[in-house]
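These notes concern the structure reproduced below.
The model shown is predicted, which means the values in this text are computed figures rather than measured ones.
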Amino acid sequence: MEHPVLEIRNLVTQFNTPNGVIRAVDHISLQVERGKTLGIVGESGCGKSMLSLSIMGLVPTPGKNAGGEILFEGQDLLKLAPGEMREIRGNRIAMIFQEPMTSLNPVHTVGYQLVEALKAHRKESSKILREEAIAALRKVRIPAPEQRFEEYPHQLSGGMRQRVMIAMALLCNPTVLIADEPTTALDVTIQAQILNLLRDLQKETNMAIILITHDLGVVAQVADDVAVMYAGQVVERSSVNEIFNNPQHPYTIGLMGSMPRMDEDVERLVAIKGVVPPPFRLPSGCRFNPRCPFSAEECRETMPQLRELEVGHIVACHKAPVEEFA
């Protein structure tokens, strides 16, 4: 079996606040191999984006790493000096952020921003950098790339801006690409185009992709493996086929039930009652227990540990294996 290009071991990211210590990422372990896509799924507030910022070394103050390892090609990123991390960030590990309008600078042209991103890692003439930036726009299938190079972000459509963000992330041919909700603000047709583009680029370059999303349809389309997050923890992890055909954590089952399906005729979709608890007021025992239809006394008292139900299928639930919602 191939060694993972990125392996996260027991990672903890915490914030010291007036309400006490908050663990936004709480003992998470994940891995992704070259040429594969890991989908990370969960509701807003479950810690998906904070996990991606932890990998990139961009956790905002007063957040800090409080344990664990992030091994990139065997090297622990958490032990690197800031300058060493800057060499890797945007070069060998790149990220597409959620909303391109907040990530692109409105007062600079698209071309200027692409060239600036290249300058951080390359020492070439302005002419060569310009040619490489235009080639990157062409690679993500932006029509008339020479013209778009001279335009400002507000002159582009949402789908075009997202393609610019992908071009910027891929400028230095990264080994790992983190895509944080890359299609959230796009209509379904453009969304499909962006996902197909990412998949095609992955085939060309053999890069690993970590895809962060709340949309199970997106995960089904592009992911090889899936990790389901809830309240800062991974509660289930397996291959995409296993997660969709045999979900075992009540939260995963609820997410599946809340998704409309064309092969089923149901009057009402399953709704998971309640909301994700705030990180400063987590319930005792299993963090999902106040919303779980299977909750018992054991669930309210003891935190379930991740355990392997079948080869490669890991779940944190006292009641697993479960059949389906009652």
Side-chain angles (χ1 to χ4, degrees), residues 7-13 22-32 38-48 50-51 67-68 210-217 219-220 223-259 261 264 269-326:
E7 184 174 8
I8 300 166
R9 294 181 183 169
N10 225 20
L11 182 67
V12 178
T13 303
I22 290 174
R23 283 185 170 171
V25 174
D26 194 357
H27 292 95
I28 283 183
S29 297
L30 293 170
Q31 60 184 49
V32 61
L38 169 66
I40 299 179
V41 188
E43 290 169 89
S44 295
C46 72
K48 307 186 299 294
M50 196 52 64
L51 174 62
I210 296 175
L211 177 69
I212 294 169
T213 182
H214 62 272
D215 188 333
L216 286 165
V219 166
D224 298 292
D225 299 292
V226 182
V228 180
M229 278 187 71
Y230 186 80
Q233 298 178 323
V234 170
V235 294
E236 186 162 10
R237 195 173 83 224
S238 192
S239 69
V240 68
N241 289 335
E242 182 71 6
I243 288 282
F244 274 80
N245 295 323
N246 185 30
Q248 285 296 324
H249 194 281
Y251 180 57
T252 313
I253 295 169
L255 290 177
M256 296 295 174
S258 66
M259 199 171 73
R261 294 177 53 149
E264 289 181 3
L269 296 170
V270 172
I272 305 173
K273 65 179 183 179
V275 294
V276 179
F280 51 84
R281 203 163 53 241
L282 295 171
S284 58
C286 173
R287 291 177 182 178
F288 187 61
N289 87 73
R291 307 174 71 189
C292 180
F294 301 112
S295 180
E297 191 173 342
E298 179 185 21
C299 307
R300 290 184 282 276
E301 291 178 355
T302 313
M303 172 90 75
Q305 300 301 307
L306 281 166
R307 57 194 171 93
E308 196 165 48
L309 293 185
E310 298 170 24
V311 176
H313 193 162
I314 301 166
V315 184
C317 177
H318 293 306
K319 299 293 182 183
V322 293
E323 294 302 319
E324 57 183 303
F325 270 109

All salt bridge (Lys or Arg N to Asp or Glu O under 4.0 Å) counterparts of Glu7, not counting sequence neighbours: Arg9

Taking side-chain contact (heavy atoms from CB on, under 4.5 Å) as the definition, give me every residue that meets it alongside Asn289, ordered by chain and number, with sequence neighbours left out. Pro283, Cys286, Ser295, Cys299, Arg300

Can you tell me how far the CG atom of Asp225 sits from the CG atom of Asn241, to the nearest 0.5 Å? 10.0 Å

When you measure from the side chain of Lys48 to the backbone of Gly42, do you find a donor-acceptor pair of N or O atoms at a distance under 3.5 Å? yes

Can you sort out the partners of Glu43 under side-chain contact (heavy atoms from CB on, under 4.5 Å), two or more places apart, ordered by chain and number? Tyr230, Tyr251, Val276, Arg291

Of the options Arg307, Gln248, Glu236, which is the one that meets His313 in a side chain to side chain donor-acceptor pair (under 3.5 Å)? Glu236

Looking at every heavy atom in both Ala320 and Val315, which two are closest together, and how far apart are they? CB-CG1, 4.1 Å

So, taking the atom named CE in Met229 and the one named CD1 in Ile28, what distance separates them when rounded to the nearest 0.5 Å? 3.5 Å

Starting at OG1 of Thr252, measure out to CZ of Arg237 and round the result to the nearest 0.5 Å. 12.5 Å

Could you please spell out the steps behind the side chain to side chain contact (heavy atoms under 4.5 Å, CB included) verdict for Asn246 and Leu309? CA-CA 11 Å; Asn246 185 30; Leu309 293 185; over 6 Å; no

Backbone N/O of Val228 and side chain of His249: donor-acceptor pair under 3.5 Å: no

Under the salt bridge (Lys or Arg N to Asp or Glu O under 4.0 Å) rule, collect the residues that match up with Arg287, sequence neighbours excluded. Asp26

Where the side chain of His27 meets the backbone of Gln233, is there a donor-acceptor pair that is under 3.5 Å apart? no

If the condition is side-chain contact (heavy atoms from CB on, under 4.5 Å), which residues does Leu11 pass it with, not counting sequence neighbours? Ile8, Thr13, Val25, Leu51, Ser54, Asn65, Ile70, Leu78

Mind listing the closest non-hydrogen atom pair of Leu216 and Phe244 along with its distance? O-CZ, 3.3 Å

So side-chain hydrogen bond (donor to acceptor under 3.5 Å, both in side chains) across residues 272-284, not counting sequence neighbours, yields none

Smallest separation among heavy atoms of Leu306 and Val234, with atom names: CD2-O, 3.6 Å

Do you know which two heavy atoms are closest between Asn245 and Pro247, and how far apart they sit? C-CD, 3.6 Å

So do the side chains of Gln305 and Met303 get within less than 4.5 Å of each other, counting heavy atoms only? yes

Check Val240 against Ala220 and note the closest heavy-atom contact, atom names and distance. CG2-CA, 4.2 Å

What heavy-atom pair brings Asn10 and Ser29 nearest, and what distance separates the two atoms? N-OG, 2.9 Å

To the closest 0.5 Å, what do you measure between OG (Ser238) and CD (Glu310)? 8.0 Å

